[in-house]
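Working notes for the structure below.
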There are 2 protein chains.
Amino acid sequence: MGDRQVPDIVVGRLPIYLRALTFLKADNREITSSQELGDRLGISSAQIRKDLSHFGEFGKQGTGYEIRYLENNLKEILHVDRMWDVVLVGAGDLGNALASYKGFAGRGFHVAAAFDADPDKIGHEMPGGLLIEDVANLEARVQAAGWKIGIIAVPADAAQSVANTLVGAGVIALLNYAPISLIAPSSVRVEQIDPAVHLQHLTYYLG
Amino acid sequence: MGDRQVPDIVVGRLPIYLRALTFLKADNREITSSQELGDRLGISSAQIRKDLSHFGEFGKQGTGYEIRYLENNLKEILHVDRMWDVVLVGAGDLGNALASYKGFAGRGFHVAAAFDADPDKIGHEMPGGLLIEDVANLEARVQAAGWKIGIIAVPADAAQSVANTLVGAGVIALLNYAPISLIAPSSVRVEQIDPAVHLQHLTYYLG
DNA sequence: GGTCTATTGTCAAAAGTTGCACAATCATAG
DNA sequence: CTATGATTGTGCAACTTTTGACAATAGACC
């Protein structure tokens with residue numbers, strides 16, 4: 001195909017396909033099929049083929065998909081055929097975990113700087129060796145560096161204000177770990193992660 | 001109404017409504033409307049009314065929703081009108097962050113135990129004071145305690161095996177932080193959190 | 001070269017989800 | 001006690017997403 005305007009729900013599945021492909025590659029596999037991917041991911045094979053068809057034709061009839069080829073294409077589509085600097089705000093336990101997370105590097109991301117408001121933390125290093133900077137300098141630093149992606153790992157009552165600062169400084173993609181729904185201009189993409197929300201989704205199904 | 005079989009996508013929004021209500025309550029507000037909630041959450045007011053209508057009639061025409069009343073009803077619907085013990089596997093940086101996360105208590109969850117495979121960690125305490133136990137005892141401990149909810153915060157290559165152990169021991173709800181898609185029986189609910197997946201979803205929209 | 005098997009990409013149908021619009025109704029004010 | 005304004009719950013229509021089915025075709029084998 002060649003649609004413009006791919007549904008967001010389709011876009012959201014691509015990183016999962018990419019993750020599965022990288023995993024298969026690490027297993028020295030060279031070819032896979034929509035069937036095999038679907039089985040691994042709990043998704044129907046038709047959906048995988050349909051999703052991919054929004055972006056091109058990546059498979060061969062009778063054979064399937066060349067893993068390395070499809071992986072490269074997905075990386076390109078998702079713009080992770082490059083490294084993205086990410087700015088982290090909040091150097092608490094969660095911030096520490098994110099700063100020292102080894103999984104980002106192989107998937108297109110690099111935590112470029114970390115900020116906090118706590119004077120006891122400012123000037124010290126995070127576990128990964130990153131310097132904790134003063135959140136007062138956040139706006140200026142983001143603007144100067146041109147960072148586009150922010151991760152918010154501050155308490156709920158500070159999150160909206162941090163988000164506003166980041167957006168004001170030019171950030172256009174936010175990953176929010178604070179347990180509130182951020183308000184942002186429609187030009188800014190926001191993803192939210194709240195473990196309690198996920199757990200409560202689960203408990204609905206527990207008698 | 002009084003449907004049986006509420007769509008899962010509706011269930012997934014309830015925790016977000018609940019979070020917003022708790023937030024409003026903390027602001028000493030007593031009444032709200034579907035309009036106000038929608039504006040705060042970036043959801044249409046009609047959708048909120050329709051979602052709630054699956055479970056009953058909680059509002060008053062002309063007035064709106066009594067915050068405390070709706071909050072209590074949502075807690076009951078989501079089964080978080082009680083505390084749930086949660087078993088945490090993985091005492092790395094992320095496990096530490098989860099164990100010391102203050103946000104769980106007010107929302108129905110208590111990290112009851114933590115396990116790891118690393119002999120250097122076993123027997124020591126996590127930041128929150130929780131003892132790190134040997135993952136070799138995971139199955140027996142889960143079975144004995146009757147825990148139903150597990151959080152997986154181990155590396156990708158250990159995650160499926162941990163999930164299998166938990167499920168074998170009676171866990172029926174899993175929150176998985178490892179970057180792989182877990183396979184589980186259909187009787188087990190799984191939620192996945194992978195920051196790189198969320199970030200890649202965002203970068204699609206970054207030129 | 002012809003036959004067989006596997007698997008894609010896509011069309012159309014089915015299923016699911018969202019939004020619109022409005023009667024019903026509650027609270028308030030005159 | 002009536003008029004006014006606000007806001008719910010819901011039927012229906014519009015829209016979105018998923019599934020099923022199959023022609024097309026690549027590759028393997030005889």
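Here is the naming used below: chain letters follow the sequence lines, and residue numbers restart at 1 for every chain.
- Rounded to an integer number of Å, the gap from OH of Y17(B) to P of dT8(D) is 13 Å.
- Toward the 5′ end of DNA chain D lies the nearest nucleotide of I9(A), the other residue of the pair I9(A) and A46(A) mapping further downstream.
- Look at S44(A) and you won't find any side-chain N or O under 4.0 angstrom from OP1 or OP2 of dT18(D).
- Remark: R49(A) is not in phosphate contact with dT18(D), judged by side-chain N or O atoms under 4.0 Å from OP1 or OP2.
- Look at NE2 on H54(B): it is 13 Å from P on dG9(D), rounded to the nearest Å.
- In summary, the side chains of N72(A) and E76(A) do not present any donor paired with an acceptor at a separation below 3.5 Å, with no hydrogens or angles considered.
- Atom CD of Q35(A) is separated from atom C1' of dT7(C) by 10 Å (rounded to the nearest Å).
- One interatomic measurement links the two molecules: CD1 of I48(A) to P of dT10(C), which rounds to 16 Å at whole-angstrom precision.
- Proximity of K60(B) to the phosphate of dT7(D): no side-chain N or O atom is located under 4.0 Å from OP1 or OP2.
- Side chains of R19(A) and S181(B): a donor on one and an acceptor on the other come within 3.5 Å.
- In this structure, CD1 of I43(A) is placed 15 Å from P of dT17(D), rounded to the nearest angstrom.
- Residues K50(A) and S33(B) both approach DNA chain D. Their nearest nucleotides, taken by heavy-atom distance, put S33(B) toward the 5′ side.
- Counted within 6.0 Å of NZ on K121(A), heavy atoms from surrounding residues, nucleotides or ligands total more than 12; the atom is thus considered enclosed.
- Between T63(A) and dA26(D) there is no side-chain N or O to OP1 or OP2 distance below 4.0 Å.
- Ion pair R141(B)/E133(B) flagged as a salt bridge, since at least one NZ, NE, NH1 or NH2 atom sits closer than 4.0 Å to an Asp/Glu carboxylate oxygen.
- The distance from atom CD1 of I67(B) to atom P of dT7(D) is 13 Å, rounded to the nearest whole Å.
- Residue Y65(A) places at least one side-chain N or O under 4.0 Å from the OP1 or OP2 atom of dG9(C).
- Side-chain atoms of Q61(A) and base atoms of dT8(C) include a donor and an acceptor less than 3.5 Å apart.
- S45(B) comes within 4.0 angstrom of nothing in the nucleic acid, heavy atoms only.
- When rounded to the nearest whole Å, the span between CD of Q47(B) and C1' of dG16(C) equals 13 Å.
- Under 4.0 Å is where a charged nitrogen must lie from a carboxylate oxygen, and between D194(A) and R107(B) at least one such pair does.
- If you check every strand for non-hydrogen atoms under 4.0 Å, L52(A) touches nothing.
- Following rounding to the nearest Å, I31(B) (CD1) and dA6(D) (P) show an atom-to-atom distance of 16 Å.
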